[in-house]
4 protein chains.
Amino acid sequence: MFELDVRSRKPIYEQLIDKVKEMVQHGILQADEQLPSVRTLSSQLTVNPNTIQKAYRELEREGYIYSLQGKGSFVSPLQQGQNESQKAELRNELLRLMAEAVYLGFTALEIGALYRQVEEQRERGNNSD
Amino acid sequence: MFELDVRSRKPIYEQLIDKVKEMVQHGILQADEQLPSVRTLSSQLTVNPNTIQKAYRELEREGYIYSLQGKGSFVSPLQQGQNESQKAELRNELLRLMAEAVYLGFTALEIGALYRQVEEQRERGNNSD
Amino acid sequence: MFELDVRSRKPIYEQLIDKVKEMVQHGILQADEQLPSVRTLSSQLTVNPNTIQKAYRELEREGYIYSLQGKGSFVSPLQQGQNESQKAELRNELLRLMAEAVYLGFTALEIGALYRQVEEQRERGNNSD
Amino acid sequence: MFELDVRSRKPIYEQLIDKVKEMVQHGILQADEQLPSVRTLSSQLTVNPNTIQKAYRELEREGYIYSLQGKGSFVSPLQQGQNESQKAELRNELLRLMAEAVYLGFTALEIGALYRQVEEQRERGNNSD
DNA sequence: GTGGTCTAGACCACG
DNA sequence: GTGGTCTAGACCACC
């Protein structure tokens, strides 16, 4: 289900966060769908439970998932228009990366193509409901 | 000249790398212009010389600056069309952030605006020669 | 295990890099085998941890080793056919040294013998699995 | 005459040493031919005289050139079969580089081709006497 | 003067 | 436990 690269320089818990976000964004994980438990995922991925815990906690903080005491973790329904500070931070990151991309020679066309790629993946996910 | 946040979670040397890149990308630092010496910057920022050196070394590795032995560090002239692996990595990062942005409700217009903002800053830098 | 010459003109971290490469090339260190930790090696060699870390970091950059977060450093399995720029640089170095060797009177036979020596050490290492 | 890369990480004096050796090995500089004076070369290359001095001193130490008091520096005639310690050191360097080359996937054919390339350049130089 | 190497030792992030 | 970051400060190589 999740594929992690333990050799990567990126911390495992961050990789896990990104994977879950990606699946939520692509509609692979639907709203209110239950996520695997910490214990299950830990043994499936042969990763320390604390690492899974840390990823879930961060996903909850960012509003991607919510947890019910004793029941488990679930995907949050999309709530657009909130998280203004989160959006501001993301905007800065995007600016930084775009500036670097333009400097390295990316054209407006290439960047536009990246955007369209994102849109397509999103629609494909939504149609498979 | 450079403003650092020593309390940030982002390492000082990375903050410095980003600042220098930004100034190069915006044309604030021009090609072949000399950067402050490791020692000078170290005392200006009250940061250890090794930390500055680490940042400069990474900037050199990424092709943003070069150093002349016994003379100091200088801004590299722009050489587009190289660093293919660097560009591939950047493309992935951009995809990831855009997907997150779209999910959080950014519209195509907003993202286009970010791109135009990058372009404007670049032109403003180049015109101030 | 490793012998260093602290009085040599060659930096300690470079000596260490060369030693590790040699042991990997000769099969003394096998793929996915764990290297001594930075701290352990540091105290064994009575060399500062930062110096060991610098060597390990460069070895990782060159693809000879990889590190698992919180677990340690390990020998990379051999992946031929990559690192084209690395190979190009090496080719130039070899050309330079061979030209010097020929000038100093090395015969084709002697140089061929060196090559066979390399091959033999490699096979001896692989057979001792 | 000499082309130096001041941006290279390799010290200028070493680059100069290599260039002179190369020209001697290829027969471009003939035995007993006079080299440019330190002062001349210094202004031609816009390099510090001390740097040229250092290169010439090292070339003399290695037996590539000799200097006559007040007259200048001259190319040494080839004296094969001497410098045993020099040859031993060179043999070690060659072994080290070849081992790395083989590890990175160089074939015996490729290495043989490098040797033939050296031989050809040598003959071309000798025929142009 | 410049950057490069190294030490001694603290603190943090990750698992 | 592991490696990663940072400081304070010494010494060296290069120009």
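Given the structure is predicted, the values throughout are model-derived calculations rather than measurements. In the text below, chain A, chain B and the rest are named by the order of the sequence lines, each starting its count at 1.
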As a test of reading the structure: which of dC14(F), dG4(F), dG15(E) is closest to the side chain of K71(C), going by heavy atoms? dG15(E)
Phosphate OP1/OP2 of dG3(F): any Y56(C) side-chain N/O under 4.0 Å: no
For the side chain of R39(B), starting at C-beta, report the closest nucleotide among dG3(E), dC15(F), dG3(F). dG3(E)
Is the distance from OP1 or OP2 of dG1(E) to the nearest side-chain N or O of S37(B) less than 4.0 Å? no
Any strand: nucleotide that pairs with dG4(E) via Watson-Crick or wobble, under 3.5 Å: dC11(F)
Separation of R7(C) atom CZ from dC6(E) atom P, in whole Å? 16 Å
Looking only at side-chain atoms of N50(C), point me to the closest of dG4(E), dG3(F), dC6(F). dC6(F)
Expressed in angstrom and rounded to an integer, what is the separation of I52(C) atom CD1 from dG3(F) atom C1'? 13 Å
Taking dG15(E), dC15(F), dT5(F) as options, the one with an atom nearest any side-chain atom of P11(A) is dG15(E)
Does any N or O in the side chain of S42(A) come within less than 3.5 Å of the main-chain N or O of V47(A), such that one atom is a donor and the other an acceptor? yes
Closest to the R57(B) side chain: dG3(F), dT5(E), dC6(F)? dT5(E)
Considering only dC6(F), dC14(F), dC14(E), which nucleotide approaches the side chain of Y13(A) most closely? dC14(E)
Nearest to the side chain of Q69(C) - dG15(E), dG4(E), dG4(F)? dG15(E)
From the options dC14(E), dT7(F), dG3(F), select the nucleotide whose nearest atom is closest to the side chain of K54(A). dC14(E)
Against the side chain of T51(B), the closest entry in dT7(E), dT7(F), dC15(F) is dT7(F)
Quick one, Q53(C) and N50(C) - any side-chain contact, counting heavy atoms below 4.5 Å? yes
Figure out the CG/P separation between L4(B) and dC6(F), and round it to whole Å. 10 Å
V47(C) near the nucleic acid: base, sugar-phosphate alone, or nothing, with a heavy-atom cut-off under 4.0 Å? sugar-phosphate
Calculate the interatomic distance between L16(C) atom CG and dC6(E) atom P; express it in whole Å. 10 Å
Between CD of Q53(D) and P of dC14(F) the distance, given in whole Å, is 15 Å
Between P on dA13(E) and CG on N48(A), what's the gap in Å once rounded to a whole number? 17 Å
Are OP1 or OP2 of dC12(E) and a side-chain N or O of R9(B) less than 4.0 angstrom apart? no
Answer yes or no: is there a side-chain heavy-atom contact under 4.5 Å between E62(A) and E100(B)? yes
Provide, to the nearest angstrom, the distance between the CD atom belonging to Q15(D) and the C1' atom belonging to dA13(F). 15 Å
Which whole-number value in Å describes the distance from L68(C) CG to dG4(F) P? 11 Å
I want to check something: taking the side chain as every heavy atom from C-beta on, are E22(C) and R96(D) in contact at a cut-off of under 4.5 Å? no
Value for CG (L35(C)) from CZ (F2(C)), rounded to nearest 0.5 Å, stands at 6.5 Å
